[in-house]
Amino acid sequence: MAVKASGLIGRPAISIHLDFYSFPVKLSCLKLRVTSPPKPLVVLSVALSSSPARTVECPPVGYRKNVGICLVSPCRKIFTASKIHIPDTWQMPQGGADEGEDLRNAAFRELREETGVTSAEFIAEIPNWLTYDFPREVKDKLNRKWRTSYKGQAQKWFLFKFTGKEEEINLLGDGTAKPEFKVWSWMLPEQVIEHAVYFKRPVYEHVIKQFNPYFMDEEKVSMDSSKD
């Protein structure tokens, strides 16, 4: 497969963390692999949406160019955060890419602006763009804010491995942009999809599926390799 928490925002160094580890899901600690994925792959048990994500080679006309960041801990937990002004809405970091900006650099920039994280190692990217449409109420609100007429967003997704300490995570970001999130957590891939807003869920399912080869169970890989 080719795959190129609620807090007081006015105070410094905000990093409110919710613990989702107590969920009744048992998985061994998994490590990310940068090399080509071996066989067999770890199959995630997720409930797919009825409509698959739309993939395109280039951003369609009328869609905002955007980058998405899947930031993964060494134990296969994915960084997910809840929006400040939209209760119970969880998502992975994302943001617009400037005209002519290198997309991988844009992903690093958005990660830093939204989470304060700079200790991250690039692992992979999804080659195609993924698109989703805004619901009418979201579209009207965002287009008034941006003074645009976008139908939705076209996203290029990147996988990064978090290599720092949790103290680095700061929901005030790097101070160059308005804070987006009020609370964060490391979630299992299944939980990321479950907690995503409905109109982004097909994209999240596709992203998790594409990056799945890099979520390796080290013990299983070692066992399978010994059989070769």
Side-chain angles (χ1 to χ4, degrees), residues 1 3 5 17-33 37 40-56 66-84 86-95 107 110-111 114-115 117 120 123-135 138 152-162 169 171 180-217 220:
M1 181 181 297
V3 295
H17 179 197
L18 290 187
D19 184 7
F20 280 78
Y21 288 6
S22 59
F23 278 49
V25 180
K26 295 183 178 180
L27 288 173
S28 59
C29 183
L30 306 179
K31 291 189 177 180
L32 292 171
R33 299 278 295 247
L41 303 181
V42 177
V43 179
L44 297 179
S45 175
V46 294
L48 299 180
S49 298
S50 57
S51 301
R54 298 192 301 272
T55 62
V56 293
N66 191 279
V67 291
I69 302 98
C70 183
L71 180 68
V72 187
S73 73
C75 287
R76 207 191 73 169
K77 302 297 192 301
I78 298 173
F79 179 91
T80 315
S82 179
K83 302 281 285 186
I84 292 176
I86 311 177
D88 302 320
T89 300
W90 293 79
Q91 67 176 53
M92 292 180 277
Q94 66 176 54
E110 285 293 336
L111 180 63
E114 294 189 354
T115 71
V117 169
I123 301 297
E125 72 177 85
I126 296 176
N128 292 327
W129 294 79
L130 304 177
T131 68
Y132 66 82
D133 293 337
F134 295 132
V138 175
Q153 303 209 83
Q155 297 185 312
K156 194 65 176 292
W157 277 88
F158 296 84
L159 175 66
F160 293 112
K161 177 182 178 181
F162 181 56
I169 299 173
L171 297 185
E180 294 276 346
F181 303 121
K182 62 181 178 181
V183 62
W184 69 271
S185 179
W186 294 113
M187 291 188 184
L188 296 171
E190 296 90 334
Q191 296 166 347
V192 174
I193 295 173
E194 179 185 353
H195 288 82
V197 67
Y198 72 94
F199 59 89
K200 294 183 182 180
R201 196 165 294 155
V203 168
Y204 275 32
E205 290 167 350
H206 189 89
V207 169
I208 296 298
K209 181 178 179 180
Q210 291 294 301
F211 288 151
N212 184 43
Y214 295 88
F215 303 156
M216 309 301 295
D217 186 326
K220 183 176 179 60

Inset, instruction - Hey, could you give me the CD1/CH2 distance between Ile126 and Trp157, rounded to the nearest 0.5 Å? - result: 8.0 Å

Inset, instruction - Drop me the distance from Leu111's CG to Cys70's SG, to the nearest 0.5 angstrom. - result: 11.0 Å

Legend entry - For the student: nearest non-hydrogen atoms of Ile123 and Tyr214, plus distance: CG2-CD2, 3.7 Å

Inset, instruction - Give the C-alpha distance, both sets of side-chain angles, the deciding distance and a yes or no for side chain to side chain contact (heavy atoms under 4.5 Å, CB included) between Ile78 and Met92. - result: CA-CA 8 Å; Ile78 298 173; Met92 292 180 277; 3.7 Å; yes

Legend entry - Stepwise side chain to side chain contact (heavy atoms under 4.5 Å, CB included) check, Gln94 with Glu110: CA-CA 6 Å; Gln94 66 176 54; Glu110 285 293 336; over 6 Å; no

Legend entry - Between CZ on residue Arg54 and OG1 on residue Thr131, distance to nearest 0.5 Å: 3.5 Å

Legend entry - Inter-residue atom distance Asp88.CG - His195.NE2, 0.5 Å rounding: 8.5 Å

Legend entry - Separation of Tyr204 OH from Trp90 CH2 (nearest 0.5 Å): 12.0 Å

Legend entry - Contact check, side chains of His206 and Pro52, non-hydrogen atoms, under 4.5 Å: no

Inset, instruction - Kindly give the heavy-atom pair with the smallest separation between Phe158 and Ala107, and that separation in Å. - result: CD1-CB, 3.7 Å

Inset, instruction - Would you name the heavy atoms of Ala120 and Phe160 that are closest together and state the gap between them? - result: CB-CB, 4.2 Å

Legend entry - Main-chain N/O of Leu188 paired to Arg76 side chain as donor or acceptor, under 3.5 Å: no

Legend entry - From CD1 (Ile69) to CD (Glu114), nearest 0.5 Å: 6.5 Å

Inset, instruction - Anything under 30° is parallel, anything over 60° is perpendicular, the rest tilted; go ahead and classify Phe199 against Tyr132. - result: tilted

